[in-house]
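Every chain is numbered from 1, with letters handed out A, B, ... down the list of sequences. Note that the coordinates shown come from a computational prediction; the quantities given were computed from them, not determined experimentally. Keep in mind that the numbers below use all heavy atoms, side chains included, and drop hydrogens, waters and symmetry copies.
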2 protein chains.
Amino acid sequence: MAEAAQTISDHIHKMLDDLTRAERQLALSVLETYPASGLGPLTALAKDAGVSVPTVARMVQKLGYKGYPEFQAALREELKAKVKTPIAKHDTWAEAAPSGHILNRFTEAVIENIRLTLGQIDPSAFDHACNLMADVDRHLFIVGGRITHTLAEYLFLHMQVIRPDVTHVQSTSNTWPHYLLNAKEGDVFVVFDVRRYENNTLKLAELAHERGAQIILMTDQWRSPVHQLATVCLSNRIVVPSAWDSATTTMLLLETMISAAQTLNWTQTKARIEELEDMFDQTKLFRKFT
Amino acid sequence: MAEAAQTISDHIHKMLDDLTRAERQLALSVLETYPASGLGPLTALAKDAGVSVPTVARMVQKLGYKGYPEFQAALREELKAKVKTPIAKHDTWAEAAPSGHILNRFTEAVIENIRLTLGQIDPSAFDHACNLMADVDRHLFIVGGRITHTLAEYLFLHMQVIRPDVTHVQSTSNTWPHYLLNAKEGDVFVVFDVRRYENNTLKLAELAHERGAQIILMTDQWRSPVHQLATVCLSNRIVVPSAWDSATTTMLLLETMISAAQTLNWTQTKARIEELEDMFDQTKLFRKFT
DNA sequence: CTTGATGTGTTAAAAATATTTCATAATTGT
DNA sequence: ACAATTATGAAATATTTTTAACACATCAAG
């Protein structure tokens, strides 16, 4: 199947000497705008290269493919593989473990999730979300669900240092309506909702939206119904070889947002960190030396 | 012509809201291995995405193309243009953002952390930790600190489903000595302690160790002093371009351990999941349909 | 629970694309 | 220069792919 060694374009290069005039003319045309030209219809390629239709068919057979469609399929495979970054192909992450070990399988999946998630993010929407989160004129509410409340709290802990007026609301708790009383127009809600989307979370989002609040939604690739109310919707890939979904990609995005928000608010954040450190010193919560 | 925005993938992304369920499922599949999947035959794409053939035809029309071939032609054009640009290197994760954008800088750092962390893990120690965690004859205590208690709780929520006898202890709380009363020889403590190592955590670990418990430590590359008491010590890289450290790598490792533990205990886990689902159904906590 | 509207998949017809056949042109060796 | 060989393209055929038509299923409103 012409899988001699490397890429198909290399293979064509090597074959160039064994091709006839018309075929070579065609081959060079294919290489000219590789691989796009080879992915179109045979007829178009022939016309483009200035050769006849059967010439194309004959050349791909000479290259070792059964027919033009098979040649195209090979090109697509190559393209697919190429899009994966070199780091994603790194198939053993824990070098000491076999490639089938859960450490490697799981990591592989997570890296792929990260790649896909980041690839689909709209940076301007992301920046907008960070600006909203860092805006101290707006009260910041952070809403998590049954599992995601851990992520919500992680965000809360950091935002609390970065800025004042941050509240952590747990949608599974029946106390959340009380928090909503304080929400006013222009306030910001960061809502976590991944599959097994929660009714409470949706209700909370609806009420917040009615009150004129801005919603930033952290969800999965299938997107929680909350997304219809959201100002910014960040969807994460979460599928891994496990009975549960992965929060790692969401964690990454979250930390990136924290980092961005902290930069936006740096003067204030710095002062607050110092104050916090002072308090830690006084309570002797931490060890003095590493 | 649908050349409204920039790339076709952007356009699809923007359109996502106007698409129906099956169409969205298809669109996501297209984006997954973009652009390769869209360059193959319609039939293959439909099968790949798990939707019917006409759905594909309808979606591309919704996107503004006259038919599937026109859509493909547009993809090829885009591919042709992309290859011409010399910097086709995939060193940017969020392609739409400049390489200096925090999204790319942060992700780059995290991936590097993952690579280094996984590279240094001893698989047999890792497996040993998973076995201990999955062993239902030992009570499992999960201990987190000021920030890490969120990770601890994440682990707790999942382990709680996988097996009975799991307790979440927060070292910053003054109630933890009470939990220790129940700890007996052979029990397992998963302890989270990253820099700004906490005195309370160390004390707790010491007492647990005295009582003959096994300690699994999740720490950073400099390793918490708890490591001297630990049966297994898993150290993570945590440095990122931020004022704080990253928990993403730790989250990855955690989820991998959950996945491994769940496999070890599968029969029991499965039964427990089913029971849980039943209860969810009865409480109507979740939405029935996506 | 029924109705109407919308979405979705199965099937069949239409269109396009790819392959084969064959006649002609170009090339090579004598 | 002439035959033998090989290469090439036009046209016909076969195949695949795409589109259109229809029927079933699903969901929201009354």
Side-chain angles (χ1 to χ4, degrees), chain A residues 1-2 8 12 15-30 35-76 197 199 202-203 206 222-225 227-229, chain B residues 2 12 15-30 35-76 284 286-290:
Chain A
M1 300 318 123
I8 296 166
I12 296 177
M15 282 291 214
L16 230 46
D17 288 330
D18 303 334
L19 300 177
T20 65
R21 180 195 55 73
E23 284 169 352
R24 188 154 41 236
Q25 184 179 330
L26 165 65
L28 289 171
S29 167
V30 169
S37 54
L39 291 164
L42 187 152
T43 322
L45 178 57
K47 195 177 159 198
D48 215 50
V51 300
S52 73
V53 165
T55 302
V56 181
R58 281 190 286 259
M59 189 198 68
V60 295
Q61 287 194 1
K62 245 187 199 169
L63 289 174
Y65 301 96
K66 210 171 169 189
Y68 188 67
E70 195 183 300
F71 170 68
Q72 287 191 313
L75 279 177
R76 281 197 303 275
Y197 308 119
N199 280 321
L202 180 59
K203 292 231 178 70
E206 277 166 353
W222 303 280
R223 300 195 302 178
S224 143
H227 88 266
Q228 288 163 346
L229 313 166
Chain B
I12 296 177
M15 280 292 206
L16 232 47
D17 284 326
D18 304 331
L19 299 177
T20 65
R21 180 194 56 74
E23 286 170 350
R24 189 156 39 236
Q25 184 179 330
L26 166 65
L28 290 170
S29 166
V30 170
S37 56
L39 291 165
L42 187 152
T43 323
L45 177 58
K47 196 176 157 200
D48 216 51
V51 302
S52 73
V53 166
T55 301
V56 181
R58 281 190 287 256
M59 190 198 69
V60 295
Q61 288 194 1
K62 245 187 201 171
L63 289 175
Y65 302 95
K66 208 172 171 186
Y68 188 69
E70 195 184 301
F71 170 69
Q72 287 190 313
L75 278 177
R76 281 197 302 275
K284 293 192 180 143
F286 298 106
R287 296 170 64 80
K288 265 289 164 53
F289 307 121
T290 54

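Proximity of T55(A) to the phosphate of dG9(D): a side-chain N or O atom is located under 4.0 Å from OP1 or OP2.
Summarising the geometry, the separation between CE on M59(B) and P on dT8(C) is reported as 12 Å, rounded to the nearest angstrom. The interatomic distance linking K62(B) (NZ) with dT8(C) (C1') rounds to 12 Å, in whole Å. Taking atom CD on Q25(B) and atom P on dG7(C), their separation rounds to 16 Å, with Å as the unit. Between the CD atom of E70(B) and the C1' atom of dA16(C) there is a distance of 15 Å, given to the nearest Å.
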Determine all donor-acceptor pairs shorter than 3.5 Å in which one atom belongs to a side chain in residues 46-60 of chain B; sequence neighbours excluded.
unit_1: S52(B); atom_1: OG; unit_2: T55(B); atom_2: OG1; d: 3.0

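Contact check of residues 16-24 of chain A against DNA chain D (heavy atom, cut-off under 4.0 Å) returns T20(A), R21(A), A22(A).
R24(B) and L19(B) get closest at one heavy-atom pair: NH1-O, 3.1 Å. Closest approach of G40(A) to Y68(A), counting heavy atoms only: O-OH, 2.8 Å. In this structure, A27(A) and L16(A) approach most closely via the heavy-atom pair CB-CD1, 3.7 Å. Counting all heavy atoms, side chain and backbone alike, Y197(A) lies closest to R223(A) at OH-N, 3.6 Å.
Applying the side chain to side chain contact (heavy atoms under 4.5 Å, CB included) test to Q61(A) and every residue at least two apart in sequence or in another chain returns nothing. Listed by chain and number, the residues in a salt bridge (Lys or Arg N to Asp or Glu O under 4.0 Å) with K203(A) amount to none (sequence neighbours excluded).
Separation of atoms CG (L42(A)) and CZ (F71(A)) is listed at 10.0 Å; rounding is to 0.5 Å.
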Notebook entry, point to check: Can Q72(A) and R76(A) be said to form a side chain to side chain donor-acceptor pair (under 3.5 Å), step by step?
Noted result: CA-CA 6 Å; Q72(A) 287 191 313; R76(A) 281 197 303 275; 4.6 Å; no

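D17(B) places a side-chain heavy atom less than 4.5 Å from the side chain of H227(A). In this structure the side chain of K62(A) reaches within 4.5 angstrom of the side chain of E23(A), judged on heavy atoms.
Using five terminal pairs a side, the axes of the helix from dC1(C)-dG30(D) to dT30(C)-dA1(D) at its two ends make an angle of 30°, given in steps of 10 degrees.
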Item checked: Where protein sits on nucleotides 15-21 of chain D, one letter per nucleotide: B base, S sugar-phosphate only, - none, heavy atoms under 4.0 Å -> --SBBB-

